[in-house]
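Starting from 1, each residue takes its place in the sequence as its number.
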Amino acid sequence: MILDLHNHSIRSDDGKARVENYCQWIRKRGLPLDGFVLSEHRQFDAESDYSALADEFGLVILKASEVETDYGHVLVFGVNEPLLAAFDFARIDLPLTLVLEEAERAGAVAVPCHPGRPNVGLFAHYAARGAVPGVAIVETRNGGSRAGENELSEREAARHGYRAIGGSDAHIVSHIGRCATRFADPIRSMDDLVAALRGGRYEPISWPSTSPS
């Protein structure tokens, strides 16, 4: 099963894509995606209901968040009420250790994204300040990365023994499906996704035009 784990809609301040248009693009282009995750910036979109679109287009549509920490940006899967109460998602300087600890306590999964990117990527901060305990998974294939960033992410993830995912980081419709994650197990809900991420039976993938290799 293939899911694109990192995308933004118009609910994000820099997103220009409507969720319906993502669905239409996937089907029109015949992209090999079974679904995608919306990870809006500095918030969790609890209001939007995409179940009708999911049924209409035969896609899994899930919701996560992208928060900003002192070690770069982090995707959070499995956001729930205890986690929303644990810290302010709108902050741009959240301690990474806090996000990791509270995500674990709430049964969620925190994944540093585009870790090879300067300033907002995990490994740039590792180079200056050292590694952070508790990181287990990072996004090594990001569809918005510049040349060399995904390669750096893959090298450093391997060096630290981290598992890896992929996501497009799409902000416009035509960018969805650049990178994704292939899972060995079926995923129909966020609970399924969290369990799968913890289980480790997955791999990041990308297509030739955006391959980091």
Side-chain angles (χ1 to χ4, degrees), residues 1-27 31 33-69 73-91 94 99-100 102-114 137-139 142-144 165-173 175-181 183 185-199 202 204:
M1 183 158 193
I2 299 176
L3 298 178
D4 189 335
L5 297 184
H6 184 176
N7 299 282
H8 301 275
S9 77
I10 57 173
R11 300 286 297 198
S12 287
D13 53 9
D14 58 352
K16 295 178 172 57
R18 295 183 182 277
V19 177
E20 181 177 10
N21 298 139
Y22 275 143
C23 297
Q24 292 168 338
W25 183 265
I26 290 168
R27 291 307 183 213
L31 301 182
L33 293 177
D34 297 298
F36 57 94
V37 179
L38 298 159
S39 48
E40 311 297 5
H41 287 296
R42 299 179 304 279
Q43 62 177 296
F44 178 68
D45 176 16
E47 300 174 0
S48 300
D49 182 355
Y50 300 118
S51 56
L53 285 176
D55 291 341
E56 178 182 353
F57 289 93
L59 293 166
V60 175
I61 305 175
L62 303 175
K63 297 186 294 185
S65 181
E66 181 176 351
V67 299
E68 300 183 16
T69 79
H73 294 189
V74 177
L75 301 173
V76 184
F77 302 98
V79 177
N80 52 28
E81 289 299 330
L83 192 54
L84 288 169
F87 56 80
D88 182 0
F89 277 49
R91 281 181 57 182
L94 287 164
V99 173
L100 293 168
E102 294 299 337
E104 181 68 23
R105 184 175 290 113
V109 175
V111 179
C113 52
H114 42 68
I137 311 167
V138 295
E139 179 193 63
N142 177 284
I165 66 167
S168 294
D169 200 0
H171 291 71
I172 63 174
V173 170
H175 287 181
I176 197 168
R178 288 182 165 190
C179 299
T181 306
F183 292 89
D185 302 305
I187 295 168
R188 299 298 174 196
S189 67
M190 183 53 70
D191 286 344
D192 290 345
L193 177 56
V194 167
L197 289 171
R198 291 181 179 275
Y202 51 85

Using the side-chain contact (heavy atoms from CB on, under 4.5 Å) criterion, which residues pair with R27? Sequence neighbours excluded.
F57, L59
Report the C-alpha separation of I61 and L53 in whole Å, then their side-chain angles, then the decisive distance to 0.1 Å, and conclude whether the side chain to side chain contact (heavy atoms under 4.5 Å, CB included) test is met.
CA-CA 8 Å; I61 305 175; L53 285 176; 4.1 Å; yes
For the student: nearest non-hydrogen atoms of M190 and G78, plus distance
SD-N, 3.5 Å
Report yes if the side chains of S48 and R11 come closer than 4.5 Å at any heavy-atom pair, otherwise no.
yes
Quick one: salt bridge (Lys or Arg N to Asp or Glu O under 4.0 Å) pairs with a partner in residues 50-64, sequence neighbours left out?
none
Side chains of H114 and E139: any donor to acceptor distance under 3.5 Å?
no
S65/F77 under side chain to side chain contact (heavy atoms under 4.5 Å, CB included): CA gap, chis, key distance, verdict
CA-CA 7 Å; S65 181; F77 302 98; over 6 Å; no
Would you give the length of the straight line joining atom CG of L5 to atom OG1 of T181, rounded to the nearest 0.5 angstrom?
3.5 Å
Closest heavy-atom pair, Y22 versus H8, reported as atoms and distance to 0.1 Å, is OH-O, 2.6 Å
Minimum-distance pair of heavy atoms, taken over all atoms of V60 and R188
CG2-NH1, 3.6 Å
Are E68 and H73 close enough, and set up right, to give a side chain to side chain contact (heavy atoms under 4.5 Å, CB included), and what steps lead you there?
CA-CA 5 Å; E68 300 183 16; H73 294 189; 3.6 Å; yes
Which heavy atom of R18 sits nearest to which heavy atom of I10, and what is that distance?
NH1-CD1, 3.3 Å
Any donor-acceptor N/O pair, Q43 side chain to V67 backbone, under 3.5 Å:
no
Quick check: does any side chain N or O of N21 sit under 3.5 Å from a backbone N or O of V173, one acting as donor and the other as acceptor?
no
For the ring pair F44 and F89, is the centre-to-centre distance below 6.0 Å?
no
Under the rule for side-chain contact (heavy atoms from CB on, under 4.5 Å), what residues qualify as partners of A103, not counting sequence neighbours?
A108, A110
Passes side-chain hydrogen bond (donor to acceptor under 3.5 Å, both in side chains), E40 versus S9? Steps please.
CA-CA 7 Å; E40 311 297 5; S9 77; 2.5 Å; yes
Report the distance from atom CG of N142 to atom SG of C113, rounding to the nearest 0.5 Å.
7.0 Å
Here the gap from I187 atom CD1 to Y202 atom OH, rounded to the nearest 0.5 Å, amounts to 10.0 Å
With sequence neighbours left out, write down each residue that passes salt bridge (Lys or Arg N to Asp or Glu O under 4.0 Å) with E81, or none if nothing qualifies.
none
Quick check: closest heavy atoms across I137 and L197, and the distance to 0.1 Å?
CD1-O, 3.6 Å
V79 side chain near V76 side chain, heavy-atom distance below 4.5 Å:
yes
Which residues pass the side-chain contact (heavy atoms from CB on, under 4.5 Å) test with D13, not counting sequence neighbours?
H41, R42
Closest heavy-atom pair, D4 versus G167, reported as atoms and distance to 0.1 Å, is OD1-CA, 3.4 Å
Verdict with supporting geometry, S12 and D14, side-chain hydrogen bond (donor to acceptor under 3.5 Å, both in side chains)
CA-CA 5 Å; S12 287; D14 58 352; 4.7 Å; no
Do other residues, nucleotides or ligands put more than 12 heavy atoms under 6.0 Å from R91 CZ?
yes
With rounding to the nearest 0.5 Å, note down the distance linking CG in L100 to OG1 in T69.
8.0 Å
Would you check if the side chain of S39 reaches a backbone N or O of L75 as a donor-acceptor pair within less than 3.5 Å?
no
Within 6.0 Å of CZ in R198, more than 12 heavy atoms from elsewhere
yes
Please round to the nearest 0.5 Å and tell me the distance separating atom CD of E66 and atom CG of L38.
12.5 Å
Worked verdict on V19 versus F36 for side chain to side chain contact (heavy atoms under 4.5 Å, CB included):
CA-CA 10 Å; V19 177; F36 57 94; 4.0 Å; yes
Report the distance from atom CD1 of I176 to atom CG of N7, rounding to the nearest 0.5 Å.
4.0 Å
Pairing residues for D192 by the salt bridge (Lys or Arg N to Asp or Glu O under 4.0 Å) criterion, not counting sequence neighbours
none
